[in-house]
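Just below is one structure, and these are the notes that go with it.
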Amino acid sequence: AVRVITSDSTPDYWRKFLGVLKRLLRPLGGAFHVFYEEFAYFTGVYLSARRLRNVAFALIHAQDVRSGVAASLALGRRVPVVLTCHFNDDPVTELREQFGLRGWFLGGLENWYRWLFAQVKRYVFVSQYAYEKSKRLLPDGISKRILPNTVRIGGSRPVGN
């Protein structure tokens, strides 16, 4: 059986609190916007997974490091996490470029992501490029696989032909 847990599963009381926080922080832009998004997403997934702490899970397959670590912590770190890394560069670089982040906040964001990545030991990368770009944030001793994107743009034939 598969259970999909996302920030959409956030408990109502927390969703209302985050709604107020969103109205206060996001309009300030830049670092405030990023802080809100990181906090809201992480805590939303954590609380969503926490509701299921008595369910036996064999594996957490995370699509991003925040959700994987949030779920792992919510489940008492007893369930192994596999992270599929499908970002273009790395999360910190992408946020820096999108919001023009710099200075102490950027350093704090980098430390946050280093901590998150240090909580995960098993990785699947969709390209060598994704691995190389994110390597600076990864801990030593990880178990990784690189499974290149298998989509063929040219020369593909529709299924059934």
Is it the case that the side chain of [X] and the backbone of [Y] share a donor-acceptor pair, with hydrogens and angles ignored and the cut-off at 3.5 Å?
X	Y	answer
S48	T10	yes
S72	G68	no
S67	D64	yes
Y123	Y131	no

Worked verdict on D90 versus Y113 for side-chain contact (heavy atoms from CB on, under 4.5 Å): CA-CA 10 Å; D90 66 73; Y113 272 92; over 6 Å; no
If you count every heavy atom of other residues, nucleotides or ligands that lies below 6.0 Å from [X] atom [atom1], does the total exceed 12?
X	atom1	result
R23	CZ	no
F105	CZ	yes
Y36	OH	yes

Validation row, ring centre Y46 to ring centre W14 under 6.0 Å: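 So the answer is no for these two rings.
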V69 vs V120 side-chain heavy atoms within contact, under 4.5 Å: yes
pair T84-F125: side-chain heavy atoms closer than 4.5 Å: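 Counting from C-beta outward, T84 and F125 never come under 4.5 Å.
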Single-linkage hydrophobic cluster, 4.5 Å side-chain cutoff, V45 and F39 together: no
Transitive ILVMFWY side-chain link V92 to I142, under 4.5 Å: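 They do share one cluster, since a chain of ILVMFWY contacts under 4.5 Å joins V92 to I142.
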Flag for E94-Q98: side-chain donor and acceptor within less than 3.5 Å: no
Counterpart residues, salt bridge (charged side-chain N to carboxylate O under 4.0 Å, His left out), relative to E110 (two or more places apart): R114, R136
